[in-house]
2 protein chains.
Amino acid sequence: MMNVISDKVVSRLSQYRRLLSQLNQQEIKHVFSHRMAEEMGVTATQVRRDLMVLGFSGSPTKGYHVEDLRVKITQFLDGHERQLACICGIGNLGRAVMGYFSGRGVSVDVCAAFDVDPAKVGRAIVGRRCYHIDELESVCKELKLSVGIISTPADTAQSVAEKMIQADIKGILNFAPVVLKLPSDIYVQNMDVSLALETVAFFASQKRQS
Amino acid sequence: MMNVISDKVVSRLSQYRRLLSQLNQQEIKHVFSHRMAEEMGVTATQVRRDLMVLGFSGSPTKGYHVEDLRVKITQFLDGHERQLACICGIGNLGRAVMGYFSGRGVSVDVCAAFDVDPAKVGRAIVGRRCYHIDELESVCKELKLSVGIISTPADTAQSVAEKMIQADIKGILNFAPVVLKLPSDIYVQNMDVSLALETVAFFASQKRQS
DNA sequence: TTGCCGCTGTTATATAATTCACAAAGTTAC
DNA sequence: GTAACTTTGTGAATTATATAACAGCGGCAA
Ligand SMILES: NC(=O)c1ccc[n+]([C@@H]2O[C@H](COP(=O)([O-])OP(=O)(O)OC[C@H]3O[C@@H](n4cnc5c(N)ncnc54)[C@H](O)[C@@H]3O)[C@@H](O)[C@H]2O)c1
Ligand SMILES: NC(=O)c1ccc[n+]([C@@H]2O[C@H](COP(=O)([O-])OP(=O)(O)OC[C@H]3O[C@@H](n4cnc5c(N)ncnc54)[C@H](O)[C@@H]3O)[C@@H](O)[C@H]2O)c1
């Protein structure tokens, strides 16, 4: 079994890559861990530690080669093939997400949309055809999608997730405010905006008193 | 200084409250930690440990009183007054968030919107007037807002955050894919959807190989 | 050359978060 | 009444995560 890696490290690697792309555009060839750390709001030690998992070496005098490191991270994160995703629930949020990730050259491409609303099914949403949720399995298997995004109402999220699993999807990004009950071999990340907002509100009101 | 509490605990408390509201609607009066744990996908010990910070006691025979606990959590999280928030950047994502949190009876109310686009400023967005970003300080101070949501493009997020601080905002929920550089007395939570999606994609592709 | 200097890579340590384990206490069975 | 359960509350142990510490190396100044 492959050496286990925490999702925090993966997330930071993804952030490093983003930063490296920016540095690349600014024609910066080399960068020190301190610089990366400062831009990302972490410590230099953390940066070096994270990069250890890649087996990528920098030079003590020049730092890390920006483009080489970017490529190395991309190889590590994306493996070989580009990742494809689908999204279920093309409401207000779903449409925004779809518009953001569809097309533009980011590393994950959201290439299929699903809904149950007859007003949406069959029509094109931000340039992609919207399928009926019943077509999920066939479309996903055909396109070999491995990632699903749930932006349906909370009460349908569980059933949508189960349909995704039927369609061989292995990772889910869930915007619905529910805890999905799924087999442990499915990776789930919740993006619960309400929870996040309430957490921010709590600390904001605490800071207010001081 | 008040005993420090981690954001993870705050977030879970908020989730417990959500669950308790549901149980309340189902007319369930008492609940055991095991039940709550199962619904939330955590351990029973964690539930009890989290509830310790409230100083709320359950009964070994009946468990926790649903409504009393809900009220206790609400007092703890919201303090006394209802929290008010503003949102800057009424694009695709901002409009969705605005529509979701404006009005409906959740604990945080997004009651003011700001943008720079002349096509939006002055008009009503999902029932609320959209102000120009230059009015941020005066409006926020007048309404005593303490929370800000950033959904502007990445390259303007830092300047928007600084304007929020000028307006006495103490907590920020940031959707823009940048690390904000702010004084340490401002609480920031990043909702980086791209990072989350890439993280999910990574683990999905890993599961695929096994 | 020689002796610093600043950076990387990595081990050791510290802190944070979670789980284990169990005493205390109410309930039920009989 | 009391023995057997069940669950809470919480100190202790464990695990996860982040920081500190430092050896090793190459450049550079004198
Ligand atoms: N909009 C926000 O900013 C926001 C904030 C916090 C949480 N959320 C959560 O995100 C989710 C989506 O929010 P939204 O505002 O876009 O909701 P929405 O009501 O605008 O959209 C939901 C969409 O899902 C579709 N749908 C319903 N059942 C379906 C099914 N079984 N299969 C496929 N599609 C189905 C509906 O037809 C609709 O188009 C909700 O769970 C909501 O709680 C949204
Ligand atoms: N839409 C998504 O699903 C998604 C996903 C990941 C990240 N994001 C991030 O969220 C942010 C918003 O995304 P979006 O899709 O809504 O973008 P958008 O371009 O649709 O909207 C941006 C809005 O911000 C306004 N704006 C620009 N400068 C401003 C300023 N200085 N003050 C106030 N308003 C200003 C613009 O007029 C526009 O209305 C971006 O940073 C984006 O990277 C969005």
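Only a predicted model underlies this, so the values are computations on that prediction, with no experimental measurement involved. Letters A, B, ... mirror the listed sequences (proteins, then strands); counts begin at 1.
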How would you summarise protein contacts on nucleotides 16-30 of chain C per nucleotide, using B for base, S for sugar-phosphate only and - for none, with heavy-atom distances below 4.0 Å? -SSBBB----SS---
Measure CE/B/M36 against P/D/dG9 and give the value in whole Å, please. 11 Å
Can you tell me the distance, in whole Å, between the NE2 atom of A/H34 and the P atom of C/dT8? 6 Å
Parallel, tilted or perpendicular: which one describes the rings of B/H30 and B/H65, with boundaries at 30° and 60°? perpendicular
Expressed as a whole number of angstroms, how long is the span from B/H65:NE2 to D/dT7:C1'? 18 Å
Give a yes or no on this: more than 12 heavy atoms of other residues, nucleotides or ligands lie within 6.0 Å of atom CD of A/E162. yes
Atom CZ of A/F32 and atom C1' of C/dC7 are separated, to the nearest Å, by 7 Å
CG of A/L136 to NZ of A/K163: how many Å apart, nearest 0.5 Å? 8.0 Å
I'd like to check the side-chain hydrogen bond (donor to acceptor under 3.5 Å, both in side chains) partners of A/T61; sequence neighbours left out, ordered by chain and number. A/S59
Non-neighbouring partners of A/R49 that pass side-chain contact (heavy atoms from CB on, under 4.5 Å), sequence neighbours left out: A/M52
Whole-Å distance between C/dG6 C1' and A/H30 NE2? 17 Å
Using atom CG of A/L13 as one end and atom P of D/dT17 as the other, report the distance to the nearest whole Å. 14 Å
Value for CG (A/D115) from SG (A/C130), rounded to nearest 0.5 Å, stands at 5.0 Å
